[in-house]
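Counting starts at 1 for both ligands and their atoms, following the listed order. Numbers here simply count residues along the sequence, with the first being 1.
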Amino acid sequence: MSVSAAIRRITIPQLRARKGQEPIVALTAYTTPVARLLDPHVDVLLVGDSVGMVVHGLDSTVGVTVEMMALHTAAVRRGSVRAAIVTDLPFGSYQASPRDAFAAAHRLMVEGASAVKLEGGAEMAETVAFLTARGIPVMGHVGLLPQSVNMLGGYNARGRSPEEAERILAAAKAMVEAGAFSLVIEGTVEPLARRITEEVAVPTIGIGASVDCDGQVLVVDDLLGLTGAGTPRFVRRYADLAGAITEAASAFAADVKARRFPGPEHVFAEKKPS
Ligand SMILES: Nc1nc(=O)c2c([nH]1)NC[C@@H]1CN(c3ccc(C(=O)N[C@@H](CCC(=O)O)C(=O)O)cc3)CN21
Ligand SMILES: CC(C)C(=O)C(=O)O
Ligand SMILES: [Mg+2]
């Protein structure tokens, strides 16, 4: 028996075994302090390429680089002891070849990722098989694929036509067949997400998908009320940090202008009393 009761990080096989069990709780995280706060409450910290939009002010995730994902993965790793860390492979790092995908994924694993996530369907199956055969666990991402926004023209829900629903189901099955340990289902009509969840042997994690998925994920800034207009409809807001920040900044500004800050307790006397 081990001497210490050290907290062990959740493993990929443990996540895989959650199919049909207690729902998997996942949130995105991009920084050490937020990862530290979320870690006790979640099974997965997802270092999402949404970081480009949420933190760096990009219009889409298309401009996110491996370098950015590496820095945020390292930051999240430093703030967490328990959750599995899954990092998005960014656009351009995996589509051209399995070898590109391996190099990018390896870099992210070196920085502390437990697994990588990639968007796509049957066309990515070869890459998923290449990575998983070589020691890199892969989470698939099907449905609404934000990295393909330039092909799709927007972020509207997918799987409305029977043809598109069949294509997305086939994408999910191809990823799992190729070795994906879990699937994110994003922005699909609800019955499709339920059907995928029923028909694949690995846990599905929904975002704008279905309550019947094997877990749920949200972008943490959305849940905290930090993203304003344009926040997706599938978000439930659990806090109003935008309001809290606005109040704090305006109170600080008023105190500075009125010379109420700093107070006597915030400044250094010339000599300490003896
Ligand atoms: N803050 C944030 N939250 C996310 O969930 C998220 C990102 N950013 N960035 C990366 C992707 C992009 N995603 C998005 C972005 C926008 C919508 C959205 O606005 N959907 C509209 C419908 C849009 C339409 O019909 O064209 C909605 O009402 O939900 C959905 C998913 C999900 N991901
Ligand atoms: C929303 C999740 C699934 C994601 O891919 C991201 O945050 O980039
Ligand atoms: Mg993503």
Exercise. With atoms numbered from 1 as shown, which atoms in ligand 2 lie under 4.0 angstrom from a non-hydrogen atom of H141?
Worked result: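 In order of number, 5 (O).
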For this session: Give the numbers and elements of all ligand 2 atoms closer than 4.0 Å to a heavy atom of G48.
Result: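 What qualifies from ligand 2 is 6 (C), 7 (O), 8 (O).
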Problem set entry | Sub-4.5 Å side-chain heavy-atom contact between V138 and L118 |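 Yes, close enough: below the 4.5 Å cut-off.
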For this session: Find out whether L218 and T28 are in side-chain contact, i.e. whether some heavy atom of one side chain is under 4.5 Å from a heavy atom of the other.
Result: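 Not in contact.
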Exercise. Is V62 reachable from M124 through a run of hydrophobic residues whose side-chain heavy atoms are each under 4.5 Å from the next?
Worked result: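 Per the 4.5 Å side-chain linkage, M124 and V62 are not co-clustered.
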Problem set entry | Joint cluster assignment, M68 & M53, ILVMFWY side-chain distance < 4.5 Å |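 No, it is not one cluster - the side chains of M68 and M53 are not joined through contacts under 4.5 Å.
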Closest candidate by heavy atom, reference [atom], pool [options]:
atom	options	answer
atom 4 (C) of ligand 1	V219, L223, T231, L152	V219
atom 3 (C) of ligand 2	D221, D88, L46	L46
atom 30 (C) of ligand 1	G228, A157, G208, P232	P232

Do [X] side-chain atoms and [Y] backbone N/O form a donor-acceptor pair below 3.5 Å?
X	Y	result
H266	G263	yes
D39	R82	yes
T32	A75	yes
T188	G159	no
R134	F130	yes
E247	A244	no

For this session: Select one of side chain, backbone, both or neither to describe which atoms of V51 lie under 4.0 Å from any atom of ligand 2, heavy atoms only.
Result: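 Near ligand 2, V51 shows nothing, with every heavy atom at 4.0 Å or more.
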Problem set entry | Residue portion contacting ligand 2 (non-hydrogen atoms closer than 4.0 Å) for I207 |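 Side chain only; the backbone of I207 stays clear of ligand 2.
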Return the residue, atom name and 0.1 Å-rounded distance of the protein heavy atom closest to [atom].
atom	value
atom 33 (N) of ligand 1	E186 OE2, 3.8 Å
atom 11 (C) of ligand 1	P146 CG, 3.7 Å
atom 5 (O) of ligand 2	K117 NZ, 2.8 Å
atom 10 (C) of ligand 1	M53 SD, 3.6 Å
atom 8 (N) of ligand 1	V54 CG2, 3.9 Å
atom 7 (C) of ligand 1	S50 CB, 4.0 Å
atom 19 (O) of ligand 1	G230 O, 4.0 Å
atom 15 (C) of ligand 1	Y155 CG, 3.7 Å
atom 25 (O) of ligand 1	N156 CB, 3.5 Å

Problem set entry | Donor + acceptor pair across side chains of T61, Q147 (<3.5 Å) |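 No donor-acceptor contact under 3.5 Å links the two side chains.
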For this session: Any atoms of ligand 1 less than 4.0 Å from a non-hydrogen atom of F234? List them with their elements.
Result: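 Answer for ligand 1: 5 (O), 30 (C), 31 (C).
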For this session: Tell me whether E119 has at least one N, O or S atom under 2.8 Å from the Mg ion (ligand 3).
Result: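 Here the distance criterion (N, O or S atom, under 2.8 Å) is not met by E119, so no.
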Problem set entry | Axial cation check for F261 ring with R259, 6.0 Å and 45° limits |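 No, cation not above the ring by the 6.0 Å, 45° rule.
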Exercise. Less than 4.0 Å between a side-chain N and a carboxylate O, is that true for R107 and E67?
Worked result: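 Between R107 and E67 there is a salt bridge, with a charged N closer than 4.0 Å to a carboxylate O.
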For this session: Output yes when D43 and R18 qualify as a salt bridge under the 4.0 Å nitrogen-oxygen rule, no when they do not.
Result: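 Salt bridge present between D43 and R18.
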Taking distance alone, with no angle check, do [X] and ligand 2 share an N/O pair under 3.5 Å?
X	value
S50	yes
D49	yes
T28	no

Problem set entry | N or O pair under 3.5 Å between D222 and ligand 1 |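 N/O-N/O distance under 3.5 Å: yes.
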For this session: Would you mind naming the N, O or S atom of D88 nearest to the Mg ion (ligand 3)?
Result: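 Answer by atom name: OD2.
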For this session: Could you tell me which N, O or S atom of D49 is nearest to the Mg ion (ligand 3)?
Result: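 For D49, the N/O/S atom sitting closest to the Mg ion (ligand 3) is OD1.
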Exercise. So is E119 close enough to ligand 2, meaning a heavy atom under 4.0 angstrom away?
Worked result: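 No, that is not the case, since the closest heavy atom of the residue is not under 4.0 Å from the ligand.
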Exercise. If you count the non-hydrogen atoms of other residues, nucleotides and ligands that lie under 6.0 Å from CD in E126, is the total more than 12?
Worked result: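 For E126, atom CD is not crowded (no more than 12 foreign heavy atoms under 6.0 Å).
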Exercise. Using a heavy-atom cut-off of under 4.0 Å, does the side chain or the backbone of R233 touch ligand 1, or both, or neither?
Worked result: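 Contact part for R233 vs ligand 1: both backbone and side chain.
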